[in-house]
Each structure stands twice: as C-alpha cells, then as structure tokens.
Number of protein chains: 2
Amino acid sequence: MKKKIYVHVADDHKILIEGIMAVINTDKEIEITGYSLTGQEVVDWFHVKGNKADVLILDITMPVLDGFEVLKHFAKEKIDQKVIVLSSYDDVKIVQEVLNLGCKGYISKNSAGEHIINAIKAVANGEQYFSNDIQSSLLKSISGQIVPKGDVPDKFLLNSLTERELDVLKLITKEYSSIEIADAMSLSTNTIDTYRKSLLKKLKVKNAVGLAMYAVKNKIV
Amino acid sequence: MKKKIYVHVADDHKILIEGIMAVINTDKEIEITGYSLTGQEVVDWFHVKGNKADVLILDITMPVLDGFEVLKHFAKEKIDQKVIVLSSYDDVKIVQEVLNLGCKGYISKNSAGEHIINAIKAVANGEQYFSNDIQSSLLKSISGQIVPKGDVPDKFLLNSLTERELDVLKLITKEYSSIEIADAMSLSTNTIDTYRKSLLKKLKVKNAVGLAMYAVKNKIV
DNA sequence: AAGCCTTTCACCAAAAATGGTGATGTGTAA
DNA sequence: TTACACATCACCATTTTTGGTGAAAGGCTT
C-alpha cells in the first residue's frame with residue numbers, strides 16, 4: 001500500500017467542507033487531517049508544531065484572511081506548502097495571481113468531486129493540476145505560458161501591491177480624485193497618477209472602476 | 001417506517017451538491033431525486049410531468065436564472081413548492097425577499113450539514129426553518145427595529161433608476177468606457193454620457209467608482 | 001558594490017469623464 | 001388634454017484619467 005496523502009481543507013462554508021470530506025473519504029489513499037474556516041485559522045494551524053499536510057485545499061474567498069493572503073504568508077515565511085486553490089471564479093486573472101503565489105493546482109467549484117481526488121494525487125506527486133474548465137480558460141488567454149513543473153517566472157512573482165499603492169487604491173474606492181488623494185496624502189498629483197498607472201498595470205484592469213471592483217472582490221474595502 | 005421525503009437540490013457548484021447529497025444520504029428518511037446546476041434547469045425539471053419533490057433546496061446565486069427568479073416563477077405559476085434557500089449571505093434583506101417569495105426555510109452555507117437534515121424535515125412537515133446564524137441576524141435587525149440604515153433610502157434610489165440607466169450601470173461595473181457602452185447598446189456616446197450624468201445625480205456619487213461601489217453594495221452585480 | 005524595489009516627482013499627449021443646457025418623440029397618468 | 005417621465009441625441013467647456021518616458025533618493029539584499 002502506498003503512503004497516505006494527508007490533506008487540510010480551508011473554506012468558510014462548512015457545508016462545502018463536509019462535502020469535500022465526504023468525497024475524499026471515498027478514497028483510501030487520502031486522509032483529512034483537519035480543516036479551517038478562515039485564512040487566519042489556516043496559518044495558525046500550520047504554525048502549530050507537528051501540524052502539517054501534504055496538500056492544502058484552499059478557498060479564495062474567506063473572512064479574516066483570504067486565500068491570497070494565506071499564499072502570501074507561505075511565500076513570505078518560505079513555507080513550501082503544496083496548495084490547491086478551490087475557487088468559484090474561473091477568472092484567469094485570479095488563476096494567474098495564485099499561480100504566481102506558488103499555488104500548484106486550481107479547481108473550480110463547478111467541477112465534479114472526483115476531480116478533487118485527481119488533483120490531490122497529482123499535486124502530492126509534485127505535478128500541477130487544473131480542472132478542465134480552468135484549463136480551457138487559461139489556454140484561451142495565455143496560450144503556452146504555463147510552466148509545467150513547479151516554479152513560476154520571477155518577473156511577475158510579486159505583482160502584489162505595495163503599501164502606498166494600497167493606500168491609493170483605498171482612497172480611489174472612496175471616490176477620491178487624484179487631486180484629492182494627493183491632498184490627503186500630502187503628495188504630488190503626479191505621484192498619485194504614477195500609482196494609479198501602476199495599479200492598473202499590476203491588477204490588469206482598464207480603469208478606476210476595475211480597481212474598485214478588484215478592491216471589493218479582495219475585501220480590501 | 002415514515003414516508004420518505006424526496007428532495008431536489010439546485011446549486012451551481014457541483015462540489016457543494018455532492019456534499020449535500022453525502023450529508024443527506026446519512027439519513028434514511030430523505031432521498032435525493034435529482035439536482036440542477038442552474039435556475040433554468042430547476043424550472044425545466046419541475047415542468048416535466050412526474051417530476052416532483054417534497055422539498056427543493058435552492059441556491060440564490062446561480063447562472064442563467066438565479067434563485068430569486070426561480071421563486072418568482074413558482075409564485076407566478078402558482079406552484080406550491082416547499083423551498084429551502086441555501087445562501088452565502090446572512091443578509092436580512094435577502095432573507096426578507098425570499099420569504100416574501102414564499103420560501104419556507106433559509107440556511108446559510110456556513111452552517112453545519114446536519115442543519116440541512118433538520119431543515120428538510122421541518123419544512124417537509126409544514127414548518128419553517130432558519131439556521132441559527134440567520135435567526136440571530138433576523139433578531140438583531142428586528143430588535144434594533146430601526147430598519148438597517150441606508151437600506152430604505154438606497155432601495156428608494158434603486159427603484160428610481162430606469163431600465164436603461166441600470167443597463168448602463170451594469171456595463172460601467174464591467175469597466176466599459178462610454179464609447180464601448182454606446183457600441184454595445186447601439187446608442188450614441190452622447191446618450192450614454194447623459195445616462196452617466198443622470199446616474200451620478202440620482203445616486204449622489206462623485207464618479208464612476210462611486211457608481212460601481214453602489215452597484216456592489218446593492219447587489220446589482 | 002551592484003542590483004532591485006519603493007517612493008517620490010516631472011512633462012507631454014491623448015482619451016475619457018464630468019457639468020451644463022437644450023431639444024425631440026413617445027408613452028402614460030392625472 | 002396637459003403634464004410628466006423616459007429614451008434619445010447634440011454641443012460646449014472643463015476636469016480627470018490614462019499612457020508613455022524618465023529620473024532621483026533611500027532601502028534592502030546578495
């Protein structure tokens with residue numbers, strides 16, 4: 001018999017966790033070691049000595065700390081945790097972002113339960129895994145950019161936002177104009193405009209509305 | 001042995017459906033007769049002769065036709081279907097709305113799976129059922145008896161928007177420029193700009209970001 | 001020391017949004 | 001029938017945003 005694969009599940013919807021558990025329990029090779037209902041619980045759990053999992057199944061939208069933050073935490077602490085992101089969004093932007101943050105698999109909640117099992121086995125085995133719908137979305141927008149094994153290109157690695165960019169973003173969502181932001185932060189309008197442009201580029205959105213929507217989706221506001 | 005309770009489940013996330021099925025299958029008294037992934041599938045399913053269920057478990061956020069629309073359909077067609085809404089939102093507004101549409105139970109996805117079983121039995125038995133967190137939300141807003149601030153005036157504002165203004169608003173949240181909106185709606189850019197100005201005035205916000213944030217707050221998007 | 005990131009600012013040009021005013025046709029409610 | 005709301009468009013001026021390029025100072029890492 002092969003070695004067991006230990007899995008931790010994080011999602012704010014308990015019903016979904018139970019569902020995943022039920023699905024996973026049909027496979028003898030995989031065992032759930034625990035679950036978390038918030039991102040904070042996840043990082044706390046992994047900080048307790050002795051707590052570990054071969055694979056972490058991680059929801060993106062969670063209170064307290066979302067999936068992005070959890071991944072950032074792992075990256076910062078140089079914790080080499082294999083993560084499968086479980087998301088409602090087929091959005092390529094999100095897939096790219098979590099990939100850049102070191103996540104190894106991505107399955108949408110629309111996919112069938114058996115896919116989770118395949119994903120877990122693949123990722124535990126050092127491979128990457130994407131559910132079908134995600135794959136086709138990916139191919140459509142960035143054909144050929146996926147690195148098959150492990151590491152992601154460094155150039156995009158930190159498309160995370162800087163402190164000041166975040167400050168500007170928050171004020172943008174409050175309907176501030178560049179002039180008002182400059183005033184509020186005691187900076188030049190030119191500087192604020194630089195941040196705006198930087199934000200647009202990093203978040204790959206078209207305009208201030210896109211920035212605001214991003215902020216909402218990621219619970220920055 | 002009691003008569004079996006037949007249940008139909010509707011949710012766009014297959015994993016969640018499987019979870020619910022797994023949970024429900026632990027109870028001998030309840031049996032799943034089928035499931036749907038969109039609201040359209042639900043109404044179609046119930047239109048097929050012979051297809052029926054004692055209880056329908058219905059997600060609010062679904063593509064093609066959302067939960068609200070399904071409930072409205074049942075009301076319009078005078079179909080007396082017992083429905084339990086399963087939602088991510090603890091929002092009192094939503095609870096009120098689905099109640100008005102004839103829904104008999106409401107459980108949040110945050111609640112444990114066993115609650116579903118209790119809910120199904122209660123509702124099948126002609127009772128109402130609300131999961132604990134929903135109940136406390138309800139109590140909070142009722143005992144505070146001041147209708148949640150912002151709600152009433154907002155609803156007033158929302159109702160004052162015309163069809164076309166709403167159309168434009170939706171496209172604005174998708175990062176469309178006026179030119180793109182004009183193109184999409186086959187109208188003049190001048191017309192779109194008129195709607196933008198009208199929206200700014202009616203919703204009392206300063207710019208497109210304000211419009212987008214309003215749309216988010218009021219779940220227009 | 002060399003290299004990168006962040007923060008800060010400037011200048012220029014084009015595109016877009018905002019503010020105001022006004023006008024037409026259509027339908028509907030008082 | 002009159003009045004009002006809605007959908008549609010035009011023209012104007014001003015402000016704001018977006019896009020591109022560049023650059024200097026300070027910090028951190030290797």
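Model, not experiment: these values are computed from the prediction. The chains referred to below are lettered A, B, ... by the order of the sequence lines, with proteins before strands, and numbering in each begins at 1. These values consider heavy atoms only, across backbone and side chains, with no hydrogens, waters or symmetry-generated copies.
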- Query: Is any side-chain heavy atom of B:Val216 less than 4.5 Å from a side-chain heavy atom of B:Thr173?
  - Reply: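 No, their side chains stay 4.5 Å or more apart.
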- For A:Lys206, all residues meeting salt bridge (charged side-chain N to carboxylate O under 4.0 Å, His left out), sequence neighbours excluded: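 Here the qualifying residues are B:Glu180.
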- Query: Taking only N and O in the side chain of B:Asn190, is any of them less than 4.0 Å away from OP1 or OP2 of D:dC9?
  - Reply: no
- Taking atom CG of A:Leu211 and atom CD of B:Glu175, what is their separation to the nearest 0.5 Å? 8.0 Å
- Can you tell me the distance, in whole Å, between the NZ atom of B:Lys197 and the P atom of D:dC6?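 It works out to 18 Å between those atoms.
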- Note on the structure: Interatomic distance, CG@B:Leu86 vs SG@B:Cys103, rounded to 0.5 Å, equals 10.5 Å
- Would you mind classifying the nucleic acid contact of A:Ser188 as base, sugar-phosphate or nothing, using non-hydrogen atoms under 4.0 angstrom? sugar-phosphate
- Give the B/S/- string for nucleotides 22-30 of chain C, one per nucleotide from 5' to 3', where a protein heavy atom under 4.0 Å of the base yields B, of only the sugar-phosphate yields S, and otherwise -. ---------
- Message: Which residues pass the side-chain hydrogen bond (donor to acceptor under 3.5 Å, both in side chains) test with B:Ser198, not counting sequence neighbours?
- Response: B:Glu165
- Message: Can you give me the bend angle of the helix from C:dA1-D:dT30 to C:dA30-D:dT1? Use the axis through the first five pairs and the one through the last five, nearest 10 degrees.
- Response: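 It comes to 50° between the two terminal axes.
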- Query: Do any side-chain nitrogens or oxygens of B:Tyr195 fall under 4.0 Å of OP1 or OP2 in D:dC9?
  - Reply: no
- Just wondering, do B:Asp183 and B:Thr189 contact through their side chains at under 4.5 Å, heavy atoms? no
- Task: Can you sort out which residues in residues 174-184 of chain A have a heavy atom within less than 4.0 Å of DNA chain D? Ascending by number, please.
- Result: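 Residues of residues 174-184 of chain A that come under 4.0 Å of DNA chain D are, in numerical order, A:Ser177, A:Ser178, A:Ile179.
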- Query: Between B:Asp193 (CG) and C:dT21 (P), how many Å, whole number?
  - Reply: 17 Å
- Query: Between D:dG19 atom P and A:Arg196 atom CZ, what is the distance in whole Å?
  - Reply: 11 Å
- Query: Hey, does the side chain of A:Thr191 come within less than 4.0 Å of C:dT8's phosphate (OP1/OP2), counting only N and O?
  - Reply: no
- Message: Strictly by salt bridge (charged side-chain N to carboxylate O under 4.0 Å, His left out), give each pair with a member in residues 31-48 of chain A just once, sequence neighbours left out.
- Response: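 Listed by first then second residue: A:Lys4-A:Glu31.
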- Who pairs with B:Val43 by side chain to side chain contact (heavy atoms under 4.5 Å, CB included), at least two apart in sequence or on another chain? B:Gln40, B:Leu65, B:Val70, B:His73
- Specify the separation, in whole Å, of atom CG of A:Leu211 and atom C1' of D:dT18. 11 Å
- Task: Measure up the A:His8 and A:Trp45 rings against each other and bin them: parallel (under 30°), tilted (30 to 60°), perpendicular (over 60°).
- Result: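 Ring orientation, 0 to 90° scale: tilted.
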- For B:Asp167, check salt bridge (charged side-chain N to carboxylate O under 4.0 Å, His left out) against everything at least two apart and list the hits. B:Arg164
- OP1 or OP2 of D:dA7 under 4.0 Å from side-chain N/O of B:Arg164: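 No.
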- Message: Applying side-chain hydrogen bond (donor to acceptor under 3.5 Å, both in side chains), can you list everything that pairs with B:Arg196, at least two apart in sequence or on another chain?
- Response: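 Checked B:Arg196 against side-chain hydrogen bond (donor to acceptor under 3.5 Å, both in side chains); matches are B:Ser178.
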- Which whole-number value in Å describes the distance from B:Leu187 CG to D:dC6 C1'? 13 Å
Are there any protein N/O atoms within less than 3.5 Å of an N/O atom in nucleotides 3-5 of chain D, and if so, which ones and at what distance?
none

- Query: Is any side-chain heavy atom of B:Lys104 closer than 4.5 Å to a side-chain heavy atom of B:Val83?
  - Reply: no
- Message: My understanding is that only residues two or more places apart in sequence, or in another chain, count here; which of them pass side chain to side chain contact (heavy atoms under 4.5 Å, CB included) with B:Ala119?
- Response: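 Side chain to side chain contact (heavy atoms under 4.5 Å, CB included) check on B:Ala119 returns B:Ile84, B:Ile107, B:Tyr129.
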- Between atom NZ in B:Lys204 and atom C1' in C:dT18, what is the gap in whole Å? 18 Å
- Distance in angstrom units between B:Lys206 NZ and D:dT15 P, rounded: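 B:Lys206 atom NZ is separated from D:dT15 atom P by 14 Å.
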- Query: Whole Å only: how far is the CE atom of B:Met185 from the P atom of D:dA7?
  - Reply: 9 Å
- Message: Please enumerate all residues that pass salt bridge (charged side-chain N to carboxylate O under 4.0 Å, His left out) together with A:Lys121, with sequence neighbours excluded.
- Response: A:Asp27, A:Glu29
